[in-house]
Amino acid sequence: MITIALSKGRIFEETLPLLAAAGIVPSEAPESTRKLIIGTNQPDVQLIIVRASDVPTYVQYGAADIGVAGKDVLIEHGGQGLYQPLDLEIAKCQLMVAVQNGFDYEGAVKQGARLRIATKYTEQAKEHFASKGVYVDLIKLYGSMELAPLVGLADAIVDLVSTGGTLKANNLVAVEHIRDISSRLVINQSALKLKHERLQPMLDAFNATVASRHA
Ligand code: ATP
Ligand code: MG
């Protein structure tokens, strides 16, 4: 059996064409079922539906052979036990620093003010501000980061931005780009050896599909 870990939403949707290229078609959509294990047209391939941030963990411990995870999630996880052979170039967005409209971020940084930063991405935030030599107090949140500056919990947030619509709707502006994010294929290191014959053609199909998008 080959088990593929995916999260619902944009990653699932954008992974479908890659699976199709490998001849894999899920028998149900995660949105229309409460099942967490979803079969496919291939009797020896199943999908498991997990939280985006849990994908690396399932693959690391071999509960899934392969998975798809955002670079944001992989950096926070650390990547232990995982091969990351392919950038799938899906679920693209940017990790940014954002503040409430009118907050003088540049000025605060120049003055050497200690900033309060709310984020789910504490590892990347720590590294970013350390590399700038800015002292920060990090406040760990699990979602709805946009709220934090509006209610005085933080001076700034570190969050993913794609269209900017959510920032705009909450009177926030992006002030710094940390990195571009896309999703990568992750593979359990021993599965790649033990199930090589079954996995390699899938990886080749994913590779070819990603490459064909540049043609
Ligand atoms: P959950 O919604 O389960 O709390 P999540 O918000 O991390 O977790 P998704 O919203 O499904 O999960 O996002 C999954 C991945 O999609 C992210 O880890 C990131 O790599 C990518 N992504 C692309 N654009 C965005 C965006 N605008 N906001 C959040 N994630 C995005
Ligand atoms: Mg989400």
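Owing to the predicted nature of the structure, the values given are computational and were not obtained by experimental measurement. One-based numbering, in listed order, for ligands and for the atoms of each. Residue indices begin at 1 and follow the sequence shown. FYI, side chains are in, hydrogens and waters are out, and symmetry mates aren't considered; it's all heavy atoms of this structure.
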What do you reckon, does Ser7 have a nitrogen or oxygen under 3.5 Å from a nitrogen or oxygen of ligand 1?
->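 It does not: no N or O of Ser7 is found under 3.5 Å from an N or O of ligand 1.
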Does any N/O atom on Lys120 come nearer than 3.5 Å to any N/O atom on ligand 1?
->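 Yes - when backbone and side-chain N and O of Lys120 are compared with those of ligand 1, one distance drops under 3.5 Å.
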Tell me, which pairs form a salt bridge (charged side-chain N to carboxylate O under 4.0 Å, His left out) where one or both residues lie in residues 129-144, sequence neighbours left out?
->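 For residues 129-144, and leaving out neighbouring residues, the salt bridge (charged side-chain N to carboxylate O under 4.0 Å, His left out) pairs sorted by first residue read Arg114-Asp137, Lys132-Glu176.
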Salt bridge (charged side-chain N to carboxylate O under 4.0 Å, His left out): which pairs involve residues 63-74, sequence neighbours left out?
->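 Of all non-adjacent pairs touching residues 63-74, those that pass salt bridge (charged side-chain N to carboxylate O under 4.0 Å, His left out) are Asp65-Lys195.
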Under 4.0 angstrom from ligand 1, any heavy atom of Lys71?
->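 Contact check Lys71 vs ligand 1: negative.
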Take every heavy atom of Gly70, measure it against each atom of ligand 1, and state whether any distance is under 4.0 Å.
->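 It does; at least one heavy atom falls under 4.0 Å.
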Mind checking the CE-CD1 spacing from Met202 to Ile187? Nearest 0.5 Å is all I need.
->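 Met202 atom CE to Ile187 atom CD1 measures 10.5 Å (nearest 0.5 Å).
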Pick, from Ser162, Ser53, Gly143, the option with the minimum heavy-atom distance to atom 27 (N) of ligand 1.
->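 Minimum heavy-atom distance to atom 27 (N) of ligand 1 goes to Ser162.
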Closest candidate by heavy atom, reference atom 16 (O) of ligand 1, pool Glu13, Arg10, Glu76 |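 Considering heavy atoms of Glu13, Arg10, Glu76, the nearest to atom 16 (O) of ligand 1 sits in Arg10.
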Among Asp155, Leu115, Val173, which one satisfies side chain to side chain contact (heavy atoms under 4.5 Å, CB included) with Tyr105?
->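 Of all the options given, the one that passes is Leu115.
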What is the minimum heavy-atom distance between Ser183 and Ala91, and which atoms define it?
->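 Residues Ser183 and Ala91, closest heavy atoms: OG-CB, 3.7 Å.
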Looking only at heavy atoms, which two atoms of Ala21 and Thr209 are closest? And how far apart?
->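 Residues Ala21 and Thr209, closest heavy atoms: CB-OG1, 3.1 Å.
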Cys93 neighbourhood, listing ligand 1 atoms whose heavy-atom distance to it stays under 4.0 Å |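 Checking each atom against Cys93, I get 22 (N), 23 (C), 24 (N), 25 (C), 31 (C).
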